[in-house]
Structures are given as C-alpha cells and as structure tokens.
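A short write-up of the structure that comes next.
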There are 2 protein chains.
Amino acid sequence: MTDGRSRRREDTRQRLFVAAVELIAEQGFSATTVDDIAARAGVAKGTVYYNFESKTMLFEELLRHGIGLLTAEFRAAVAGLPPRAALAALVRAELEYIRRYRAFAQLLLSEMWRTNREWQQTLRLLRGEAIAVIAETVRAGVDSGDLPADLDVPTASSALFGVGLVVAVDWLVFQPDRPIAEVQEALLGIVRRVAQT
Amino acid sequence: MTDGRSRRREDTRQRLFVAAVELIAEQGFSATTVDDIAARAGVAKGTVYYNFESKTMLFEELLRHGIGLLTAEFRAAVAGLPPRAALAALVRAELEYIRRYRAFAQLLLSEMWRTNREWQQTLRLLRGEAIAVIAETVRAGVDSGDLPADLDVPTASSALFGVGLVVAVDWLVFQPDRPIAEVQEALLGIVRRVAQT
DNA sequence: ATCTCTGTACTGACTGGTCAGTCTAAAAAC
DNA sequence: GTTTTTAGACTGACCAGTCAGTACAGAGAT
C-alpha cells in the first residue's frame with residue numbers, strides 16, 4: 001500500500017486531481033474535457049482511465065478528497081476549545097483552507113447548489129459532514145449558554161459555512177491583490193457580532 | 001412594435017428565457033443543450049436560433065434581462081430613504097427578488113465566480129451595475145456618519161450582495177419548506193448588527 | 001367579401017465537429 | 001515478471017448551428 005508502486009500511482013492521481021480542480025474551477029465540470037485534464041497533468045489520456053473509472057468518478061473522488069481534508073481541518077481546529085473560541089477557530093480554518101486550495105473552493109461554490117447532476121447526492125452528503133462539525137460546535141455553544149438559546153442550529157451552521165465560502169471566493173476572484181488576512185478579520189468581526197447574545 | 005406579430009415573438013422569447021433559466025440553474029450552462037431549452041419552451045430548435053444569435057447570446061441576453069431587473073428594483077428600493085433605512089430596504093429587495101426569481105438567483109450563484117468563459121466579461125459588468133447601487137448607499141451612510149468611517153465601501157458592498165445571495169439560495173435549495181420571511185429576518189439582523197458603529 | 005401577395009415566425013431534418021470512453025502494443029518503473 | 005504508464009487511433013453518441021420549406025397574419029387589390 002505504501003511501496004514504491006502505489007506511491008507512484010498516488011502521485012499520478014494527485015497530479016490529475018490538481019489539473020482537474022483547476023480546470024473545473026475555471027470552466028465547470030461539463031466544459032472541461034478529459035483530454036484537457038490529461039494534458040494539464042502531463043499524462044496520457046489512457047492514464048486517466050487506468051486510474052479512474054470515468055470522468056464523473058474522478059470528480060466524485062476529487063470532491064471526497066477535498067471536502068474530507070476540509071472536515072479534518074475543522075475537527076482539528078475545534079479540538080478542546082470552548083464554544084466561542086471554537087467558532088472563531090472554525091472561521092479561521094475555513095479561510096486558511098480556502099487560501100491554500102482556492103481552486104477547490106471556487107469549484108465548490110459553483111457546484112454546491114446545483115440540482116439534477118449525477119454527483120449531486122455525493123456532494124450533499126460531503127457538505128453535510130463538513131457542516132456537522134460546525135453544527136456540533138454551535139450546538140455546544142447554545143447548550144452552554146454562550147450562544148442565544150433560540151438560534152436555529154442547522155440553519156446557522158450552513159449559513160456560516162456558505163458565508164465564509166462566498167465572501168472569501170468573491171474576494172479572491174474580484175480583488176485578488178488584497179491579503180486574505182483582511183477577509184479573515186472582516187469575517188471574524190461579522191461572526192463575533194452576530195453571535196453576541 | 002406592439003402588433004400581433006411582435007407580441008407573439010416577445011412571448012416566445014420570454015418562454016425561452018424561462019426554460020433556459022430553469023435548466024441552466026439546475027445543470028449549468030454547458031450541460032444544458034439547446035434542444036432541451038427548445039423542448040421545455042415548447043418550440044422547435046430553429047426557433048431558438050430565429051430569436052437568438054447563439055446559445056451564448058441567449059445566455060448573455062438572459063443575464064442582462066435578469067440583472068437589469070434586479071438593479072431596477074434596487075434603485076426603486078433606496079429611492080429617497082436615509083442610509084440605514086436604505087440598507088435594510090436593499091436587503092429586503094434582494095430577498096424579494098430571489099424569492100420571485102429563484103432559478104435565476106441559483107444560476108447567478110453558480111456562474112458568478114467563473115473565470116475563462118465567453119460571457120464572463122458581461123457578467124462582471126452587470127454585477128458591477130447592481131453592486132454600484134449598494135455602494136452608493138453605503139457611501140452615503142459613511143459620509144453622513146451613519147456607518148463606520150473606516151468601512152471599505154466596495155468590499156462591504158460586494159460582500160453584502162454575495163451574502164444575501166448565498167444565504168437565500170442555500171435556504172431555498174436545502175430547506176425549501178421554510179418561509180423566506182425567516183431568512184429575511186435573519187439577514188436583516190446580521191446586517192443591522194454589522195452596520196452598528 | 002374573396003383573393004392574391006408579402007414578410008414574419010416557426011419547423012425539424014441534416015451537417016460537421018466534439019468528446020467520453022475503448023483498445024492495443026510496447027516501454028518504463030519497480 | 002508485475003504494475004503502471006504511454007501514444008494515439010478509433011467509435012459512437014451527442015450537440016451547436018444551418019437551411020429549405022411551411023404556416024399564417026394582415027395589407028392591399030378587385
């Protein structure tokens with residue numbers, strides 16, 4: 001599993017992920033061709049189909065990989081913190097993630113609210129996993145009295161997730177010269193004020 | 001201009017707009033075929049090309065039409081109001097618009113942050129027109145001292161626009177049974193708190 | 001009133017190109 | 001010697017855009 005052979009194969013898969021995420025972020029899933037992905041990754045087309053079952057499966061595995069990473073960072077960020085600090089840590093983690101994987105964030109923003117696509121079910125499930133971490137934190141805050149008791153936990157959680165995504169990507173696309181630290185401050189300010197009881 | 005012939009033609013164009021906006025919101029621009037649009041509108045494929053130069057031009061005219069409407073409603077909403085009331089009116093107008101044209105809002109959210117698409121330039125321009133109305137209002141608020149003097153006007157304006165879009169569409173897609181009035185209250189609450197000096 | 005005539009709106013079969021996915025034989029990596 | 005990758009020709013489905021032809025409303029002409 002970690003011998004030379006599979007390490008090599010894992011490299012190729014990573015290169016294909018990187019190529020696919022960039023192209024799909026720019027153009028969308030349908031407008032991106034498998035030939036493009038192979039060319040950008042510097043591999044032959046056959047290699048794509050040696051490593052992935054289909055274009056759709058490549059995309060689904062990409063989604064799983066990307067959101068899995070995000071969920072893991074969310075979990076690491078909140079570990080052991082009290083509710084209010086944990087909430088701030090989540091915002092920081094989300095923005096840090098978007099800064100590192102901006103193409104994936106852009107892709108998520110564009111494909112997240114689609115309906116009637118083959119991979120839509122997968123995406124919903126994964127989105128749910130990431131938001132569940134946020135929801136646990138918000139729930140803890142409500143239970144401990146740190147957050148307003150009448151707060152709608154699932155709604156607040158998904159709104160928090162979406163707001164971070166849209167504000168950060170908007171900033172990246174339309175004002176790419178500005179430092180991400182500013183977005184982070186602005187968002188933290190918003191969340192802090194909103195969370196005030 | 002308003003005789004039977006052009007009225008009929010205008011009807012057909014409207015039907016094509018409606019069909020196109022629904023399909024593109026669900027599937028995206030590239031995944032939506034001209035045959036699909038024609039079929040949903042109940043016309044022959046040739047009719048699409050009789051009324052529009054190309055699939056891309058149909059989409060661009062659709063964007064112009066939809067965002068033009070939004071911009072007009074923004075202008076009507078703020079007319080004559082003092083800054084803080086105008087800001088609340090803008091949020092209300094945006095949500096009212098999204099409630100009425102939910103498919104168009106979904107489409108906007110999905111295509112807004114794309115790069116490298118033929119119609120991207122048009123979309124940026126139109127987005128700028130709508131946000132300009134928000135920016136004028138925010139600017140007036142800063143000048144009159146109703147809003148913090150150190151507020152970054154363009155950033156705050158585009159963030160406000162994007163946040164309304166993402167929160168409302170997220171609600172519509174993932175919790176469609178809930179009344180939009182709740183989103184409106186939640187968003188107004190957020191904006192009110194954030195705008196506090 | 002009926003009868004051409006004319007431009008407008010629309011039709012749907014067809015074309016040329018594009019693209020996901022297949023296949024092969026041989027090379028390279030391990 | 002087994003796994004992974006290569007290069008790219010090929011197939012079949014699909015799809016944007018075209019075009020010759022139909023339908024029909026209304027505007028004179030008789």
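Values below: all heavy atoms of this structure, side chains included; hydrogens, waters and symmetry mates excluded. Numbers restart at 1 for each chain; the letters A, B, ... are given by sequence-line order, proteins then strands.
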Using a 4.0 Å heavy-atom cut-off across all strands, classify A/V43 as base, sugar-phosphate, or nothing. sugar-phosphate
By ring pair (Phe, Tyr, Trp, His ring centres under 6.0 Å), A/Y49 pairs with (sequence neighbours left out) none
Report the nucleotide, chosen from D/dT5, D/dG17, C/dA20, that has the shortest atom-to-atom distance to any side-chain atom of A/T47. D/dT5
Residue A/S54, side-chain atoms from C-beta onward, closest of D/dT5, D/dA16, C/dG21: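 Per side-chain heavy atoms of A/S54, the pick is C/dG21.
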Tell me the interatomic distance from [X], atom [atom1], to [N], atom [atom2], rounded to whole angstroms.
X: B/I37; N: D/dG17; atom1: CD1; atom2: C1'; result: 13 Å
X: A/F52; N: D/dT4; atom1: CZ; atom2: P; result: 13 Å
X: B/M57; N: D/dT18; atom1: CE; atom2: P; result: 14 Å
X: B/K55; N: D/dT18; atom1: NZ; atom2: C1'; result: 17 Å
X: B/N51; N: C/dA9; atom1: CG; atom2: P; result: 8 Å
X: A/Y50; N: D/dA7; atom1: OH; atom2: P; result: 17 Å
X: A/D11; N: C/dA28; atom1: CG; atom2: C1'; result: 16 Å
X: A/R7; N: D/dT4; atom1: CZ; atom2: C1'; result: 15 Å

Please work out whether the ring planes of A/F17 and A/F52 are parallel, tilted or perpendicular, with thresholds of 30° and 60°.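 Answer is tilted, since the angle falls between 30° and 60°.
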Can you classify the ring geometry of A/F59 versus A/F29 as parallel (below 30°), tilted (30 to 60°) or perpendicular (above 60°)? tilted
Using OP1 and OP2 only, check whether a side-chain N or O of A/R9 sits under 4.0 Å from D/dT4.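 True: A/R9 side-chain N/O within range (under 4.0 Å) of D/dT4 OP1/OP2.
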Any side-chain donor near an acceptor of the partner, A/S110 and B/R114, under 3.5 Å: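 Checked: A/S110/B/R114 side chains pair up, N/O donor to acceptor below 3.5 Å.
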A/R13 with A/E61: basic N within carboxylate O range, under 4.0 Å: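 Salt bridge flag = yes for A/E61 with A/R13.
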Are B/D35 and B/K45 ion-paired here, with the side-chain N under 4.0 Å from a carboxylate O?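 Judged by the 4.0 Å cut-off on N to carboxylate O distance, B/D35 and B/K45 do form a salt bridge.
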Pairs: protein N or O with nucleotides 22-27 of chain C N or O, under 3.5 Å:
none

For A/K55, salt bridge (charged side-chain N to carboxylate O under 4.0 Å, His left out) partners two or more places apart: none
Side-chain donor-acceptor pairs of residues 124-131 of chain A under 3.5 Å, sequence neighbours excluded:
unit_1, atom_1, unit_2, atom_2, d
A/R127, NH2, B/D170, OD1, 3.1
A/R127, NH2, B/D170, OD2, 3.0

Pair listing, side-chain hydrogen bond (donor to acceptor under 3.5 Å, both in side chains) test, anchored in residues 18-27 of chain B, at least two apart: A/N116-B/E26, B/E22-B/R40, B/Q27-B/T32
Heavy-atom contacts under 4.0 Å between residues 18-35 of chain A and DNA chain D, which residues?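 When residues 18-35 of chain A is checked for heavy atoms under 4.0 Å from DNA chain D, there are no hits whatsoever.
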